[in-house]
Amino acid sequence: MISGLFSIMLPLFVLVAGGYALSRLVRLSEETLVRVITDFFMPMLVFHSLYTTDTELAAIGKVAAATALVLAVLLVVSALYAYLAKAEPRSFVPPVIFMNSGFLGIPLMKLWGGLAAMNLIVVYDQVQSLFIFTLGILIVTGGFSASGARQMVRSPMLWAILAGFLFHVLAVPLPAVVLQTLEFAGAGTPALAAFALGCSVSRAQMSVSLHLAVGILLRIVVGFLLGLGVTLLLRMEEPARTVVIVASSLPSAVFGFVLPARYGVRPNHAAPLVLGTTVLGFLTIPLAFYLAKLLAG
């Protein structure tokens with residue numbers, strides 16, 4: 001089982017390693033690469049996936065509910081730890097509650113379960129994206145701001161999510177050439193996302209501390225247990241069950257580092273958490289798949 005999962009993840013590891021290696025050899029603009037993916041390619045993937053998905057609305061609703069529950073509990077636990085341990089919450093909380101369900105999760109689930117699993121992780125990721133561009137901004141800025149609201153409204157990802165759901169529910173007909181274009185552009189997104197993740201990791205700095213150890217524990221172990229708990233609570237079935245469990249224990253999202261830095265917060269907790277959980281992901285992701293399968297009986 002474990003060897004089979006490593007075989008599934010090998011293309012992903014190769015692309016992440018390629019992004020890491022190339023960014024160390026030549027100057028690559030990480031900001032440009034991330035913007036191209038998140039503002040151009042990924043919105044088309046998201047819209048096409050949501051529009052063409054054959055997943056029932058009930059299953060989509062359960063995945064969305066599971067995502068919200070996992071994020072809410074992680075927020076409370078991580079904020080409580082930051083308060084008691086006197087860790088900077090604006091730097092510590094985001095990489096704990098936000099997992100890499102996009103750049104890492106989308107290509108991972110496509111390799112594991114094909115389009116069915118990828119469509120589900122897209123739902124998971126887009127619900128999380130709504131929280132990132134709302135709750136995440138509130139956390140790192142210390143409250144609601146007009147600039148944060150403007151950034152949220154201008155996000156192509158937000159409009160792709162809303163349009164994808166709306167067009168799917170209303171069964172709005174689209175020309176075949178439009179769908180072909182969206183599919184063609186979206187098909188390259190997982191590979192580009194994995195490559196961009198490697199570039200981001202190459203620039204992260206590592207520093208060992210108690211906060212790092214607790215952050216890794218919350219992000220991976222507690223995330224896995226929460227994912228398992230909500231799937232039992234909501235009585236989810238495969239493949240949604242495995243998607244939610246594994247997604248909830250994925251490494252920290254790159255945005256967990258980007259958001260604090262974007263708003264002038266020193267990412268002294270965020271950078272090590274992104275790097276540490278990503279490196280450990282080579283072991284923890286196959287283990288999460290294995291345990292999810294084992295616990296399914």
Side-chain angles (χ1 to χ4, degrees), residues 8-9 11-12 15 34-68 70-71 98-133 155-197 227 231 236-248 250 253-255:
I8 291 173
M9 294 176 63
L12 180 63
L15 288 170
V34 170
R35 183 174 290 271
V36 166
I37 296 171
T38 58
D39 290 355
F40 186 77
F41 285 99
M42 194 167 283
M44 287 192 277
L45 169 66
V46 167
F47 180 89
H48 184 268
S49 296
L50 294 176
Y51 179 78
T52 60
T53 183
D54 57 1
T55 305
E56 297 180 357
L57 287 178
I60 292 176
K62 284 188 176 182
V63 171
T67 309
V70 169
L71 292 175
F98 298 130
M99 65 290 295
N100 201 337
S101 55
F103 285 10
L104 181 58
I106 290 176
L108 175 66
M109 291 304 172
K110 185 177 182 181
L111 289 168
W112 172 72
L115 291 177
M118 190 188 78
N119 288 340
L120 291 169
I121 193 67
V122 164
V123 174
Y124 191 110
D125 182 59
Q126 299 325 306
V127 172
Q128 180 181 230
S129 294
L130 290 175
F131 280 94
I132 288 176
F133 290 108
S155 171
M157 291 283 286
L158 176 63
W159 293 107
I161 297 167
L162 297 176
F165 274 120
L166 184 63
F167 277 51
H168 175 78
V169 172
L170 298 179
V172 178
L174 290 177
V177 65
V178 173
L179 293 176
Q180 290 171 358
T181 301
L182 292 171
E183 183 178 14
F184 177 72
T189 305
L192 285 170
F195 183 86
L197 176 61
T231 58
M236 301 180 72
E237 299 179 353
E238 295 294 353
R241 186 175 185 276
T242 294
V243 168
V244 168
I245 292 174
V246 175
S248 299
L250 286 174
V254 176
F255 277 110

Which heavy atom of [X] sits nearest a heavy atom of [Y], and at what distance?
X	Y	answer
P43	A160	O-CB, 3.5 Å
V63	A240	CG2-CB, 4.2 Å
M236	A66	SD-CB, 4.1 Å
A64	V123	N-CG1, 4.4 Å

Sub-4.5 Å side-chain heavy-atom contact between [X] and [Y]:
X	Y	value
F47	M44	no
L192	F40	no
T231	R241	yes
K62	V244	no
V246	M109	yes
T67	F131	no

- Message: Under the criterion side chain to side chain contact (heavy atoms under 4.5 Å, CB included), I'd like the reasoning laid out for L45 against I106: C-alpha separation, chi angles, the key distance, then a yes or no.
- Response: CA-CA 10 Å; L45 169 66; I106 290 176; 3.9 Å; yes
Tell me which donor-acceptor pairs under 3.5 Å the side chains of residues 173-184 have, and how far apart each pair is, sequence neighbours excluded?
from, atom 1, to, atom 2, distance (Å)
T181, OG1, V177, O, 2.8

- Query: Listed by chain and number, what are the side chain to side chain donor-acceptor pair (under 3.5 Å) partners of E237, not counting sequence neighbours?
  - Reply: none
Quick one: pull up [atom1] in [X] and [atom2] in [Y] and give me the separation to the nearest 0.5 Å.
X	Y	atom1	atom2	answer
L104	L250	CG	CG	5.5 Å
Q126	I121	CD	CD1	10.0 Å
L50	L166	CG	CG	11.5 Å
I161	S49	CD1	OG	11.5 Å
I60	N119	CD1	CG	8.5 Å

- side chain to side chain donor-acceptor pair (under 3.5 Å) contacts touching residues 100-111 (sequence neighbours left out):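 Pairs touching residues 100-111 that pass the test: S101-D125, S101-Q128.
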- Query: Quick one: does Y51's side chain have a donor or acceptor within less than 3.5 Å of a partner on A163's backbone?
  - Reply: no
